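Just so we're clear, the structure is a prediction, and the values are computed from it rather than from any experiment.
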Amino acid sequence: MKGRIRRTITASILMLSCISASINTAVAQSGAITNDGKTWASLYQQRAAEYKALCFQAYNMAKLRLDMAVAKHGKKPLAVVTDIDETLLDNSPYDALRSVQNLEFDSNTWKQWTAKGIADTVPGAAAFFKYAAKKGVTIFYITNRDEDERAGTLKNLQLYHLPNADNAHLLLKQDISSKEKRRQQVLKTYNIILLCGDNLADFDALYDDHPTEESRMAVTEKLVKEFGSRYIVIPNPSYGDFESAIFSYSHTLTNAQKDSVIKAKLKVDR
């Protein structure tokens, strides 16, 4: 009898150990808060009519502002400067794949994605830029994609017959991520009437040099009149400088450390 009891207890302990191991494995394989959030962000970008409406709203405003600028045409030819990723091209399939696999951003896999040149356009974007071109406005694409992404980027832009989709109007990152130098390059010969982007550094040098969350908020308050006037912002809940600022621009944090930062910064009901 005692032997049977001991065998029963031993079996129970083994079973509990297996259950505990299974739970630990499940926890280890589950997504981090950051990647779970990116999954929802990609789902919103792909499936929410509200996301499409926000993009339409932004580009409808851009069209109104462009018409006003064209009506007041000065001496310099007119130009619109636009970012590419999440402003013109939708990369949510790449972001979604990384997030559901609980993986961080990786430049190698990113460049494999951009080399395909198959990203869809953001709602309203292609129509707006084609409209601008018909009005005699030149489009410049200022992006922080690298030089070795040029071929895939042009392929993607040309897939949708976007205006000025050529080497002369595609200004890639060369040495620094700041876009100010490239904007100034355009300003030498053009009057930039609109800037379109999803990240605030797409618009103004005041957002350069790793500003804190507080600084980004203060600059945004300072530039309040520019948004919807010269600055057209496209929603991007997946990634951007907002995320970097939250994590103090540290690119070595583990998912567990990122989760701790998020929990510490979130406002929650008490």
Side-chain angles (χ1 to χ4, degrees), residues 38 41-49 51-63 66 78-100 105-174 177 179 182-183 186 190 192 194-199 202 232-240:
K38 289 176 183 292
S42 293
L43 188 66
Y44 178 80
Q45 191 169 339
Q46 294 176 4
R47 309 294 298 182
Y51 168 77
K52 181 173 285 189
L54 284 169
C55 294
F56 285 156
Q57 176 177 267
Y59 281 115
N60 283 343
M61 179 60 71
K63 184 173 179 288
L66 183 132
L78 304 181
V80 170
V81 165
T82 184
D83 171 57
I84 290 180
D85 298 311
E86 274 47 74
T87 300
L88 173 54
L89 296 181
D90 174 1
N91 301 291
S92 61
Y94 171 81
D95 296 329
L97 178 64
R98 302 299 291 178
S99 64
V100 297
F105 172 84
D106 173 73
S107 61
N108 290 327
T109 56
W110 165 256
K111 289 183 178 182
Q112 290 171 13
W113 161 254
T114 60
K116 296 178 182 178
I118 59 171
D120 200 354
T121 55
V122 167
F128 168 72
F129 293 115
K130 290 177 182 179
Y131 176 83
K134 287 181 179 179
K135 290 289 185 175
V137 178
T138 302
I139 312 301
F140 284 90
Y141 305 92
I142 299 183
T143 172
N144 277 343
R145 291 188 177 193
D146 290 328
E147 185 60 42
D148 58 2
E149 296 176 84
R150 181 178 292 276
T153 302
L154 286 175
K155 175 185 175 182
N156 211 152
L157 298 178
Q158 292 166 0
L159 176 64
Y160 301 105
H161 306 289
L162 290 164
N164 306 118
D166 53 39
N167 284 317
H169 297 86
L170 175 60
L171 306 182
L172 298 158
K173 183 175 71 174
Q174 299 299 323
S177 59
K179 296 183 174 182
R182 285 169 281 171
R183 288 192 290 261
V186 175
Y190 289 86
I192 299 176
L194 287 174
L195 297 103
C196 303
D198 65 294
N199 191 49
D202 294 331
I232 304 298
V233 185
I234 310 303
N236 175 10
S238 291
Y239 66 89

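- Residue pairs meeting the salt bridge (charged side-chain N to carboxylate O under 4.0 Å, His left out) criterion with at least one member in residues 153-174, sequence neighbours excluded, are Asp146-Lys173.
- Residue pairs satisfying the ring pair (Phe, Tyr, Trp, His ring centres under 6.0 Å) criterion with at least one member in residues 140-159, sequence neighbours excluded, are listed as follows: Phe140-His169, Phe140-Tyr190.
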Please evaluate residues Val137 and Leu194 with respect to the criterion side chain to side chain contact (heavy atoms under 4.5 Å, CB included), reporting the C-alpha separation (whole Å), side-chain torsions for both, the decisive distance (0.1 Å), and the verdict. CA-CA 10 Å; Val137 178; Leu194 287 174; over 6 Å; no
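- Under the rule for a ring pair (Phe, Tyr, Trp, His ring centres under 6.0 Å), Tyr239 has no partner lying at least two apart in sequence or in another chain.
- Evaluation of the side-chain hydrogen bond (donor to acceptor under 3.5 Å, both in side chains) rule for Asp148 yields Lys111 as partners, not counting sequence neighbours.
- Residues meeting the salt bridge (charged side-chain N to carboxylate O under 4.0 Å, His left out) test with Arg182, sequence neighbours left out: none.
- Taking 4.5 Å as the limit, every side-chain heavy atom of Val122 sits out of range of all side-chain heavy atoms of Thr87.
- Heavy atoms only, all atoms of each residue included: Asp202 and Gly197 are closest at OD2-CA, 3.4 Å.
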Leu170 and Ile84: side chain to side chain contact (heavy atoms under 4.5 Å, CB included), yes or no, with the steps? CA-CA 10 Å; Leu170 175 60; Ile84 290 180; 3.8 Å; yes
Kindly indicate, with the supporting measurements, whether the criterion side chain to side chain contact (heavy atoms under 4.5 Å, CB included) is fulfilled by Thr82 and Ile139. CA-CA 7 Å; Thr82 184; Ile139 312 301; 4.1 Å; yes
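- Contact record, Ala96 with Ser42: N-OG, 3.6 Å, taken as the closest heavy-atom pair.
- Residue pairs that meet the salt bridge (charged side-chain N to carboxylate O under 4.0 Å, His left out) test with at least one member in residues 79-93, sequence neighbours left out, are Asp83-Lys179, Asp85-Arg145.
- Under the 30°/60° scheme for interplanar angles, the aromatic rings of Trp110 and Phe105 are found to be tilted.
- In terms of the side-chain contact (heavy atoms from CB on, under 4.5 Å) criterion, residue partners of Gln112 (sequence neighbours excluded) are, by chain and number, Thr109.
- Scanning for ring pair (Phe, Tyr, Trp, His ring centres under 6.0 Å) contacts around Tyr59 gives Phe128, Phe129, with sequence neighbours left out.
- Scored by the side-chain hydrogen bond (donor to acceptor under 3.5 Å, both in side chains) test, Glu147 finds Arg150, Gln174 as partners (sequence neighbours excluded).
- By the side-chain hydrogen bond (donor to acceptor under 3.5 Å, both in side chains) test, Tyr160 pairs with no residue at all, sequence neighbours left out.
- To the nearest 0.5 Å, atom SG of residue Cys196 and atom CD1 of residue Ile142 are 11.5 Å apart.
- Atoms NZ and OG, on Lys38 and Ser99 in that order, are 8.5 Å from each other to the nearest 0.5 Å.
- Sorted by first and then second residue, the salt bridge (charged side-chain N to carboxylate O under 4.0 Å, His left out) pairs with a member in residues 113-124 form an empty list; sequence neighbours excluded.
- At a threshold of 4.5 Å between non-hydrogen side-chain atoms, the residues Pro93 and Gln46 count as touching.
- Here the closest heavy-atom approach between residue Phe56 and residue Gly124 is recorded as CE2-N, 3.5 Å.
- Atom CG of residue Asn60 and atom SG of residue Cys55 lie 11.0 Å apart, to the nearest 0.5 angstrom.
- From Asp95, atom CG reaches atom CG of Asn236 across 7.5 Å, with rounding to the nearest 0.5 Å.
- For Gln57, there are no side-chain hydrogen bond (donor to acceptor under 3.5 Å, both in side chains) partners two or more places apart in sequence or in a different chain.
- Atom NZ of Lys52 and atom CD of Gln45 lie 12.0 Å apart (nearest 0.5 Å).
- The distance from atom CG of Leu154 to atom CG of Asn167, rounded to the nearest 0.5 Å, is 5.5 Å.
- Contact of the Asn156 side chain with the Thr114 side chain is not registered, since no non-hydrogen atoms from C-beta on lie closer than 4.5 Å.
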Walk me through whether Leu157 and Leu88 qualify under side chain to side chain contact (heavy atoms under 4.5 Å, CB included). CA-CA 9 Å; Leu157 298 178; Leu88 173 54; 3.6 Å; yes
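- Across Asn144 and Ser177, no two heavy atoms sit closer than the pair ND2-O, 2.9 Å.
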